[in-house]
S.K.: 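To start, I am sharing the structure in question, which I have written as structure tokens.
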Amino acid sequence: MTVPFLIWLFIFKYLPLTGWVMAFQKFKPARGMFDQEWAGFDHFKFLFKDQRFLEILRNTLAMSFINLVLGFATAIALAILLNEIRNLKFKRVVQTISYMPHFLSWVVVAGLVSQALSMEDGIINVLLMNLGLIDEPIMWMGIGKYFWGIIGASDVWKNVGWNSIIYLAAITSIDQEQYEAADIDGATRLQKIRYITLPGIKSVFIVLLIMNLGYVLESGFEAQYLLMNPMTMDYAENIDIFVLRYGISMANFSLATAAGMFKTVVSFIFLFTANKISAKLGEARLF
């Protein structure tokens, strides 16, 4: 039964890796794949000497780190809070509401975020002004230093409910006798969360962390592409947008391939390093 999926994986994931050879060529589409002028490591040297690419790498790492930290923290917190709700109807309503944004397209989410942060009638500016925290509306979408936070908050709003599902499943697998024993010993809710719930989902957290470290240079594409503008481009552009700009807009396929190859290799190294460190520490590991 797994054969069709393995065939799909080979055709769409591994076979295209032959295109990596373009990173070492001065690729011209009119010629054959192996009838090109070879460039060696020139494109990689250009990347690491180009100040703009280094800024893009900074943006990618910063947004990935923000999404990683906020994603884990909010998903675990929501799962624990949902687990503590005793009213099943209310719990289901909250779960449904928290899951729904995950199924929205980033096109829709980008429109909602832009509207919420609008200077004219955006709910964020209206709320902050009514609370007396600001004196005049802030142009959130036009100030680069706010862009990373906007992306992080948008990603949390969209995916926190979906990300919490696996933690809820892990919590339900914890032996309920531990909670009963804690009740007999007079433990409070916070103590049960600290000494039973959190240790109970530790292995799941570590496995997910290892997997997410493999995507450390995958800060996203749709959100950044849809929300960025000329005023925030210095903070918004990441490696995926860089690859699109050079590979499609400028037809520099070799440089775009080199950047994409660099991203993949670094992610591969992070994945295996994190897994090895986890194994040495005696914690759960991916393989």
Side-chain angles (χ1 to χ4, degrees), residues 62-104 109 112-113 116 123-124 127-128 130-134 148-216 270 274-287:
M63 286 186 281
S64 291
F65 180 76
I66 291 172
N67 289 342
L68 183 68
V69 174
L70 290 180
F72 274 104
T74 54
I76 293 173
L78 179 61
I80 292 174
L81 292 174
L82 287 173
N83 185 63
E84 293 298 314
I85 296 176
R86 297 294 175 256
N87 188 314
L88 292 180
K89 289 186 178 180
F90 179 68
K91 181 177 181 178
R92 289 169 184 167
V93 170
V94 173
Q95 283 181 291
T96 302
I97 292 173
S98 65
Y99 297 162
M100 287 176 65
H102 175 76
F103 300 99
L104 294 177
V109 174
L112 293 173
V113 171
I123 188 173
I124 301 300
L127 181 62
L128 293 176
N130 287 337
L131 292 175
L133 298 177
I134 59 174
W148 296 346
I150 292 171
I151 289 294
S154 302
D155 187 75
V156 166
W157 178 79
K158 187 176 188 298
N159 295 314
V160 63
W162 184 259
N163 293 338
S164 67
I165 293 176
I166 193 166
Y167 293 109
L168 279 170
I171 291 173
T172 57
S173 67
I174 297 174
D175 187 358
Q176 295 300 309
E177 291 183 357
Q178 296 185 49
Y179 291 102
E180 293 171 3
D183 288 330
I184 294 172
D185 291 336
T188 63
R189 280 195 175 189
L190 290 178
Q191 288 174 327
K192 287 187 286 186
I193 291 172
R194 179 180 177 183
Y195 295 108
I196 300 176
T197 305
L198 291 178
I201 63 175
K202 181 180 178 182
S203 60
V204 175
F205 167 77
I206 292 175
V207 170
L208 290 176
L209 178 61
I210 293 172
M211 293 176 65
N212 278 273
L213 285 175
Y215 294 94
V216 69
F270 266 95
N275 188 72
K276 194 171 185 64
I277 292 173
S278 180
K280 284 189 175 182
L281 295 176
E283 300 292 348
R285 56 181 180 172
L286 190 60
F287 49 84

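In what follows, every heavy atom counts, from backbone to side chain, and hydrogens, waters and symmetry copies are set aside.
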S.K.: Name the orientation class of the two ring planes belonging to H102 and W162 (parallel below 30°, tilted from 30 to 60°, perpendicular beyond 60°).
M.R.: parallel

S.K.: Could you tell me if the side chain of W157 sits less than 4.5 Å from the side chain of V113, heavy atoms only?
M.R.: no

S.K.: Other residues, nucleotides and ligands only: do more than 12 of their heavy atoms fall within 6.0 Å of CZ on F270?
M.R.: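 Counting other residues, nucleotides and ligands, CZ of F270 stays at 12 neighbours or fewer.
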
S.K.: Which distance, rounded to the nearest 0.5 Å, do you find between the CG of D175 and the CD of Q178?
M.R.: 5.5 Å

S.K.: Assess whether side-chain contact (heavy atoms from CB on, under 4.5 Å) is satisfied between Y167 and L82, documenting all intermediate values.
M.R.: CA-CA 10 Å; Y167 293 109; L82 287 173; over 6 Å; no

S.K.: Is the backbone of A79 close enough, under 3.5 Å, to the side chain of N83 for a donor and an acceptor to pair up by distance?
M.R.: no

S.K.: For residues T197 and Y179, is any side-chain donor paired with an opposing acceptor at under 3.5 Å?
M.R.: yes

S.K.: If we only count heavy atoms from C-beta on, is the L168 to T172 side-chain gap below 4.5 Å?
M.R.: no

S.K.: Just how far is it from atom CD of E177 to atom CD1 of I184, taken to the nearest 0.5 Å?
M.R.: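 That separation rounds to 10.0 Å.
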
S.K.: If I compare all heavy atoms of R194 with all of P199, which pair ends up nearest, and what's the gap?
M.R.: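 Result for this residue pair: O-CD, 3.2 Å.
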
S.K.: Looking only at non-hydrogen atoms, find the nearest pair between G152 and N67 and report the distance.
M.R.: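 Between these two residues, the closest heavy atoms are CA-OD1, 3.5 Å.
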
S.K.: Just how far is it from atom NZ of K192 to atom CG of D185, taken to the nearest 0.5 Å?
M.R.: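 That separation rounds to 11.0 Å.
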
S.K.: Can you name the nearest heavy-atom pair linking I196 to A182, along with the distance?
M.R.: CD1-CB, 3.8 Å

S.K.: Near I166 CD1, under 6.0 Å, is it more than 12 heavy atoms from other residues, nucleotides or ligands?
M.R.: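 Atom CD1 in I166 is not packed in, count stays at 12 or less.
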
S.K.: Distance from Y215 atom OH to L68 atom CG, nearest 0.5 Å?
M.R.: 13.0 Å

S.K.: Can you name the closest pair of heavy atoms from A170 and S173 and give their distance?
M.R.: O-OG, 2.6 Å

S.K.: Would you sort out whether L198 and I76 count as a side-chain contact (heavy atoms from CB on, under 4.5 Å), showing the intermediate values?
M.R.: CA-CA 9 Å; L198 291 178; I76 293 173; 4.3 Å; yes

S.K.: Show the numbers, then the answer: is there a side-chain contact (heavy atoms from CB on, under 4.5 Å) between V207 and M211?
M.R.: CA-CA 6 Å; V207 170; M211 293 176 65; 4.2 Å; yes

S.K.: G161 and S164: which non-hydrogen atoms are nearest, and at how many Å?
M.R.: O-OG, 2.7 Å

S.K.: Rounded to the nearest 0.5 Å, what's the gap from CG on L213 to OG on S278? Could you check?
M.R.: 10.5 Å

S.K.: Mind listing the closest non-hydrogen atom pair of Q191 and A187 along with its distance?
M.R.: OE1-CA, 3.3 Å

S.K.: Quick check for you: to the nearest 0.5 Å, what is the distance between I193 atom CD1 and L81 atom CG?
M.R.: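 Interatomic distance, I193 CD1 to L81 CG, rounded to 0.5 Å: 7.0 Å.
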
S.K.: After noting the C-alpha distance and the side-chain angles of I66 and I151, does the key distance pass the side-chain contact (heavy atoms from CB on, under 4.5 Å) rule?
M.R.: CA-CA 9 Å; I66 291 172; I151 289 294; over 6 Å; no

S.K.: Near I85 CD1, under 6.0 Å, is it more than 12 heavy atoms from other residues, nucleotides or ligands?
M.R.: yes

S.K.: Side chains of N159 and N163: donor-acceptor distance under 3.5 Å anywhere?
M.R.: no

